[in-house]
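We use all heavy atoms of the structure for the numbers below, so side chains are in, but hydrogens, waters and symmetry mates are not.
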Amino acid sequence: MRYWLMKSEPSEFSIDDLQRVGTEPWDGVRNYQVRNMFRDEFKVGDRALFYHSNCQEIGVVGEMVVTSEAYPDPTQFDPHDTHYDPKSDPANPRWLLVEVSFVAKYPRVVTLSELRSDKRFADLALVRKGNRLSVLPLSKTHFQTIRQLSKIK
DNA sequence: GCCAACGTTGGC
DNA sequence: GCCAACGTTGGC
(Lines give C-alpha, C1' and ligand atoms only; values in the text may rest on other atoms or scores of the structure.)
Protein backbone atom coordinates (compact mmCIF):
# COMPACT_ATOMS: atom_id res chain seq x y z
CA MET A 1 0.00 0.00 0.00
CA ARG A 2 1.19 3.49 -0.84
CA TYR A 3 0.53 6.84 0.76
CA TRP A 4 -0.27 10.14 -0.96
CA LEU A 5 -1.05 13.76 -0.25
CA MET A 6 -3.69 15.42 -2.45
CA LYS A 7 -4.30 19.16 -2.53
CA SER A 8 -7.60 20.92 -3.06
CA GLU A 9 -8.76 24.47 -2.59
CA PRO A 10 -11.57 24.21 -0.04
CA SER A 11 -13.53 26.88 -1.91
CA GLU A 12 -13.65 24.36 -4.77
CA PHE A 13 -13.86 21.07 -2.89
CA SER A 14 -13.24 20.62 0.85
CA ILE A 15 -12.96 17.75 3.32
CA ASP A 16 -16.52 18.59 4.42
CA ASP A 17 -17.68 18.19 0.81
CA LEU A 18 -15.98 14.79 0.66
CA GLN A 19 -17.54 13.73 3.95
CA ARG A 20 -20.96 14.67 2.58
CA VAL A 21 -20.65 12.87 -0.76
CA GLY A 22 -18.60 9.91 0.52
CA THR A 23 -16.80 9.19 -2.76
CA GLU A 24 -15.52 11.67 -5.33
CA PRO A 25 -13.80 11.45 -8.72
CA TRP A 26 -10.62 13.54 -8.29
CA ASP A 27 -11.06 15.33 -11.62
CA GLY A 28 -9.49 18.40 -13.15
CA VAL A 29 -5.86 17.32 -12.81
CA ARG A 30 -3.97 18.71 -15.80
CA ASN A 31 -0.39 17.85 -14.98
CA TYR A 32 1.48 15.04 -16.71
CA GLN A 33 3.46 13.97 -13.64
CA VAL A 34 0.27 13.54 -11.66
CA ARG A 35 -1.43 11.84 -14.60
CA ASN A 36 1.42 9.33 -14.69
CA MET A 37 1.22 8.72 -10.94
CA PHE A 38 -2.51 8.05 -11.27
CA ARG A 39 -1.86 5.66 -14.15
CA ASP A 40 1.23 3.84 -12.91
CA GLU A 41 1.32 4.02 -9.13
CA PHE A 42 -2.12 4.54 -7.62
CA LYS A 43 -3.77 1.34 -6.39
CA VAL A 44 -7.16 0.70 -4.85
CA GLY A 45 -6.66 0.72 -1.09
CA ASP A 46 -3.88 3.32 -1.07
CA ARG A 47 -4.29 5.96 1.62
CA ALA A 48 -4.18 9.70 0.99
CA LEU A 49 -4.07 12.83 3.08
CA PHE A 50 -6.50 15.60 2.16
CA TYR A 51 -4.72 18.99 2.05
CA HIS A 52 -6.40 22.39 1.91
CA SER A 53 -4.44 24.92 -0.20
CA ASN A 54 -5.00 28.59 -0.96
CA CYS A 55 -7.14 29.26 2.08
CA GLN A 56 -7.22 30.62 5.62
CA GLU A 57 -5.83 27.57 7.40
CA ILE A 58 -3.48 25.76 5.03
CA GLY A 59 -2.66 22.17 5.92
CA VAL A 60 -3.71 18.54 6.23
CA VAL A 61 -7.35 18.17 7.22
CA GLY A 62 -8.18 14.49 6.90
CA GLU A 63 -7.71 11.07 5.33
CA MET A 64 -9.06 9.32 2.26
CA VAL A 65 -8.76 5.93 0.61
CA VAL A 66 -8.30 5.33 -3.12
CA THR A 67 -11.34 3.45 -4.40
CA SER A 68 -10.79 3.13 -8.16
CA GLU A 69 -8.11 2.49 -10.71
CA ALA A 70 -7.24 5.43 -12.95
CA TYR A 71 -9.72 6.11 -15.77
CA PRO A 72 -10.30 8.97 -18.24
CA ASP A 73 -11.42 12.26 -16.68
CA PRO A 74 -14.74 13.10 -18.39
CA THR A 75 -14.34 16.84 -17.77
CA GLN A 76 -11.64 17.01 -20.49
CA PHE A 77 -14.34 16.39 -23.13
CA ASP A 78 -16.93 18.83 -21.78
CA PRO A 79 -16.73 22.22 -23.55
CA HIS A 80 -18.66 23.80 -20.69
CA ASP A 81 -16.24 22.59 -18.03
CA THR A 82 -13.37 24.81 -16.89
CA HIS A 83 -11.04 21.82 -17.34
CA TYR A 84 -12.08 21.21 -20.95
CA ASP A 85 -9.13 20.21 -23.14
CA PRO A 86 -9.97 20.46 -26.86
CA LYS A 87 -6.68 18.78 -27.74
CA SER A 88 -7.51 15.58 -25.94
CA ASP A 89 -8.55 12.79 -28.30
CA PRO A 90 -11.49 10.72 -26.99
CA ALA A 91 -9.91 7.66 -28.58
CA ASN A 92 -6.74 8.31 -26.60
CA PRO A 93 -7.68 10.42 -23.56
CA ARG A 94 -4.93 12.63 -22.23
CA TRP A 95 -6.15 13.08 -18.65
CA LEU A 96 -7.01 10.53 -15.98
CA LEU A 97 -8.55 10.59 -12.53
CA VAL A 98 -8.95 8.25 -9.57
CA GLU A 99 -11.85 8.05 -7.17
CA VAL A 100 -11.28 8.65 -3.46
CA SER A 101 -13.52 7.98 -0.48
CA PHE A 102 -13.81 9.73 2.85
CA VAL A 103 -12.09 8.04 5.80
CA ALA A 104 -11.76 10.71 8.50
CA LYS A 105 -11.75 14.42 9.15
CA TYR A 106 -9.04 15.36 11.61
CA PRO A 107 -10.07 17.08 14.85
CA ARG A 108 -7.44 19.74 14.13
CA VAL A 109 -5.60 20.97 11.01
CA VAL A 110 -1.97 19.90 10.78
CA THR A 111 -0.75 23.18 9.31
CA LEU A 112 1.86 23.77 6.64
CA SER A 113 3.86 26.00 8.99
CA GLU A 114 3.84 23.20 11.57
CA LEU A 115 5.21 20.76 8.98
CA ARG A 116 7.83 23.28 7.83
CA SER A 117 9.16 23.82 11.35
CA ASP A 118 9.32 20.12 12.27
CA LYS A 119 12.64 18.47 11.39
CA ARG A 120 10.92 15.13 10.90
CA PHE A 121 9.44 16.51 7.68
CA ALA A 122 12.68 17.86 6.21
CA ASP A 123 12.43 15.43 3.27
CA LEU A 124 8.66 15.67 2.82
CA ALA A 125 8.06 16.68 -0.81
CA LEU A 126 5.37 19.15 0.25
CA VAL A 127 7.80 21.39 2.12
CA ARG A 128 10.65 21.10 -0.37
CA LYS A 129 11.36 24.23 -2.36
CA GLY A 130 9.60 24.61 -5.66
CA ASN A 131 7.26 21.67 -5.41
CA ARG A 132 3.90 22.64 -6.80
CA LEU A 133 2.44 19.26 -7.67
CA SER A 134 -1.14 18.86 -6.52
CA VAL A 135 -0.57 15.17 -5.77
CA LEU A 136 2.55 14.01 -3.93
CA PRO A 137 3.87 10.68 -2.66
CA LEU A 138 4.39 10.32 1.06
CA SER A 139 6.24 7.81 3.24
CA LYS A 140 4.35 5.64 5.72
CA THR A 141 6.32 7.29 8.51
CA HIS A 142 5.30 10.78 7.43
CA PHE A 143 1.71 9.67 7.07
CA GLN A 144 1.67 8.22 10.57
CA THR A 145 3.45 11.20 12.13
CA ILE A 146 0.92 13.60 10.60
CA ARG A 147 -1.88 11.36 11.86
CA GLN A 148 -0.43 11.59 15.39
CA LEU A 149 -0.16 15.38 15.16
CA SER A 150 -3.82 15.54 14.14
CA LYS A 151 -4.80 14.16 17.57
CA ILE A 152 -7.28 11.82 15.95
CA LYS A 153 -8.37 8.96 18.20
C1' DG B 1 15.97 20.55 -29.64
C1' DC B 2 16.26 25.32 -27.86
C1' DC B 3 14.22 28.85 -25.40
C1' DA B 4 11.23 33.03 -24.92
C1' DA B 5 6.71 33.98 -23.83
C1' DC B 6 2.96 32.76 -21.48
C1' DG B 7 -0.03 30.36 -18.05
C1' DT B 8 -0.63 28.21 -13.49
C1' DT B 9 0.08 27.13 -8.67
C1' DG B 10 -0.10 28.40 -4.23
C1' DG B 11 2.02 30.76 -0.15
C1' DC B 12 2.10 35.14 1.74
C1' DG C 1 -3.15 41.08 -5.16
C1' DC C 2 1.71 39.94 -5.62
C1' DC C 3 5.10 37.14 -7.34
C1' DA C 4 8.44 33.10 -7.28
C1' DA C 5 8.82 28.89 -9.23
C1' DC C 6 7.40 25.93 -12.15
C1' DG C 7 5.20 23.74 -16.51
C1' DT C 8 3.62 24.24 -21.33
C1' DT C 9 3.52 26.05 -25.94
C1' DG C 10 5.15 27.04 -30.28
C1' DG C 11 8.34 29.50 -33.50
C1' DC C 12 12.63 28.72 -35.33
Side-chain angles (χ1 to χ4, degrees), chain A residues 2-21 24-42 46-64 66 68 70-100 102-139 141-143 145-152:
Chain A
R2 298 201 56 168
Y3 297 88
W4 307 95
L5 181 145
M6 300 169 77
K7 300 178 185 175
S8 179
E9 301 190 14
S11 59
E12 298 296 319
F13 188 77
S14 72
I15 187 73
D16 293 323
D17 294 325
L18 183 62
Q19 183 164 25
R20 191 175 58 252
V21 300
E24 177 76 4
W26 202 265
D27 59 22
V29 171
R30 298 293 181 265
N31 175 282
Y32 288 104
Q33 280 179 260
V34 176
R35 191 275 311 271
N36 294 346
M37 285 192 275
F38 281 169
R39 186 188 60 200
D40 303 331
E41 299 180 56
F42 268 65
D46 283 0
R47 294 289 169 142
L49 298 175
F50 196 124
Y51 177 91
H52 280 175
S53 66
N54 254 313
C55 59
Q56 195 66 38
E57 196 167 27
I58 296 162
V60 179
V61 294
E63 286 175 25
M64 313 181 273
V66 177
S68 82
Y71 64 86
D73 179 346
T75 65
Q76 70 196 301
F77 304 122
D78 179 359
H80 303 295
D81 195 282
T82 52
H83 300 292
Y84 176 56
D85 184 353
K87 293 179 185 169
S88 183
D89 175 6
N92 185 23
R94 180 179 292 189
W95 305 113
L96 305 175
L97 58 74
V98 298
E99 291 180 6
V100 291
F102 180 83
V103 171
K105 179 182 176 178
Y106 287 157
R108 62 175 292 276
V109 178
V110 181
T111 65
L112 177 61
S113 61
E114 195 176 344
L115 297 174
R116 282 197 194 285
S117 60
D118 189 328
K119 283 181 183 170
R120 288 176 292 179
F121 298 110
D123 60 345
L124 176 67
L126 180 74
V127 303
R128 302 294 287 269
K129 186 184 170 206
N131 205 324
R132 300 182 315 150
L133 290 179
S134 63
V135 174
L136 302 164
L138 195 72
S139 72
T141 303
H142 283 150
F143 185 92
T145 306
I146 290 171
R147 161 178 268 276
Q148 285 166 10
L149 290 170
S150 79
K151 302 283 206 296
I152 195 166

What about the rings of A/W95 and A/Y32, do their centers lie closer together than 6.0 Å? yes

| message | Students often get this wrong, so: under 4.0 angstrom with heavy atoms, is A/E9 touching a base, only sugar-phosphate, or nothing? | response | nothing

Nearest-angstrom distance from the residue atom [atom1] of [X] to [atom2] of [N]:
| X | N | atom1 | atom2 | value |
| --- | --- | --- | --- | --- |
| A/H52 | B/dC12 | NE2 | C1' | 19 Å |
| A/E57 | B/dC12 | CD | C1' | 15 Å |
| A/L112 | B/dC12 | CG | C1' | 11 Å |
| A/I58 | B/dC12 | CD1 | P | 6 Å |
| A/Y32 | C/dC6 | OH | C1' | 16 Å |
| A/R30 | C/dG7 | CZ | C1' | 15 Å |
| A/Q33 | C/dC6 | CD | C1' | 10 Å |
| A/L136 | B/dT9 | CG | P | 14 Å |

- Side-chain N,O (A/Y51) to OP1/OP2 (B/dG11) below 4.0 Å: yes

OP1 or OP2 of B/dT9 sitting under 4.0 Å from any side-chain N/O of A/K7?
->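 No, outside the criterion.
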
With side chains defined as the heavy atoms from C-beta onward, is the minimum distance between A/L136 and A/L124 less than 4.5 Å? no

Between A/K87 and A/K129, which residue's closest nucleotide on DNA chain C lies nearer the 5′ terminus?
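Here A/K129 is the residue nearer the 5' end.
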
* Examine the base of B/dT8 for any acceptor or donor lying under 3.5 Å from a partner atom in the side chain of A/R132, and report the outcome as yes or no. =>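 A donor-acceptor contact between them is present.
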
Just by distance, with hydrogens left out, do A/S139 and A/T141 show a side-chain donor and acceptor under 3.5 Å apart?
->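 Not at all, the side chains of A/S139 and A/T141 share no donor-acceptor pair under 3.5 Å.
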
Q. Do A/D85 and A/R30 sit within salt-bridge range, that is, some charged N less than 4.0 Å from a carboxylate O?
A.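 No, A/D85 and A/R30 are not salt-bridged.
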
